[in-house]
Amino acid sequence: MQQTLPEEFYQWMEELQAVDFVLVELTLYLDTHPQDQTAIQQFNQFAQQRKHIKKAIESKYGPLQQYGNSYSGMPWNWSDGPWPWQL
Amino acid sequence: MWVYEKKLQYPVKVTSCNPTLAKYLIEQYGGSDGELAAALRYLNQRYTIPDKVIGLLTDIGTEEFAHLEMIATMIYKLTKDATPEQLKEAGIADHYVNHDSALFYHNAAGVPFTASYIAAKGDPIADLYEDIAAEEKARATYQWIINMSDDPDLNDSLRFLREREIIHSQRFREAVEILKEERDRKIFF
Amino acid sequence: MNSKNTNQKSYVPYHSPYDPCPPIGKKFYSTPPNLYMGFQPYNLPQYSPKEALMKGTLWPAFYDYYENPYEKRR
Ligand SMILES: [Fe+2]
């Protein structure tokens, strides 16, 4: 049986979604504006920020990514739900 | 390769138990201007387009898969607890008799997904114009679905997806400009 | 972007005396900001990350809220 996640998880997730969304927007923008230094700086700042948020979420709620982009808990907790569409 | 992340791009919420809306949403799952078609179209075009715009096609194509997952989430949430009787009332009995509540790549009228939705001419300008048109068509589809839907939370997610099509169209338009111009891009500003 | 650009346009389709349904009045279509932007300039004002996520874009210049334009006539 899957555990229901606390409200705190949803807040963390939205935090990550917001930062990642800025990164998506800047990615597409930089694909057509590769010379915009200000945007590149902002991109790198947000890339760092997302690392912190990812780490915070994973330390409590398990891996967000696979193939070694996230550490596993003991036992292997990648397949622990709920999955994004089940939230 | 691709790396999955256990996270939706946008927090999808659905207020009402209304399986009828799933019938409309499936248009953006397996329809001609849907998210699957979009993702496959852009990623496939990458192999025969100037290097300058391969990054853009890769990144937009990848984002489309995130949108596909959002649409799947909406359909999943709208149908998961519905009884066969409710699905019948919602007008999706014809889907049910083949698939139960499993998702399937077909459009709102039940026409299965086909590769012919995806143009690939091998001409960079023709292909990018195709992509711009695809984005505008997807934007319009979201409008028609919003016009049909009375679920405020669902419409919120659909507005997000519609806005993304506007941005994608913008970037493809810029990609055309990049391929048209021989001078350094800096000069645009 | 030209601030005079509206993001929605309308037209009135011809209604024949032999058309069976009462006239819909106006038909609407969207003309979102990307149609007017051209190549996006550097340093456009941005939303905060949270707001950007909610709006679906980082830049207010691209934001185009959509709702059913026919709703009010029901
Ligand atoms: Fe798109």
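Proteins come first, then strands; the chains are lettered A, B, ... in the order of their sequence lines, and each starts at number 1. Heavy-atom basis, side chains included; hydrogens, waters and symmetry copies ignored.
S79(A) and W76(A) get closest at one heavy-atom pair: OG-CD1, 4.2 Å. Among all heavy-atom pairs drawn from P34(A) and D31(A), the shortest one is CD-O, 4.4 Å. Between E5(B) and D20(A), the closest heavy-atom pair is OE1-OD2, 3.6 Å.
Proximity to chain B (any heavy atom under 4.5 Å) is shown, for I57(A), by neither the backbone nor the side chain. For E14(A), the part lying near chain B is the side chain, with the backbone staying farther off; criterion is any non-hydrogen pair under 4.5 Å.
Taking the ring axis of W78(A) as reference, the NZ or CZ atom of K6(B) stays within 45° of it and closer than 6.0 Å to the ring centre.
Contacts with chain B were tallied for Q17(A), Q66(A), E25(A), Q65(A); Q17(A) has the most, counting heavy-atom pairs under 4.5 Å.
The closest side-chain heavy-atom distance from M148(B) to L21(B) is not below 4.5 Å.
The backbone N or O of T20(B) sits less than 3.5 Å from a side-chain atom of N18(B), completing a donor-acceptor pair. Looking only at distances, no side-chain donor or acceptor of R50(A) sits under 3.5 Å from a matching main-chain atom of A47(A). Side chain of N98(B) to main chain of H95(B): no donor-acceptor pair is present (N/O by atom type, distance under 3.5 Å, no hydrogens or angles).
Contacts from residues 155-171 of chain B to chain A, taken as heavy-atom pairs separated by less than 4.5 Å, involve F160(B), R164(B), I167(B), H168(B), R171(B) in sequence order. Close approach to chain A, defined as a heavy atom under 4.5 Å from one of its heavy atoms, is seen in L56(B), D59(B), I60(B), E63(B), E69(B), T73(B), Y76(B), K77(B) of residues 56-91 of chain B, taken by number.
With hydrogens and angles left out, the side-chain atoms of E8(A) and Y61(A) include a donor and acceptor closer than 3.5 Å. Side-chain contact annotation: Y42(B) with D131(B), donor-acceptor N/O pair under 3.5 Å absent. Side chains of R41(B) and Q45(B): no donor on one and acceptor on the other come within 3.5 Å.
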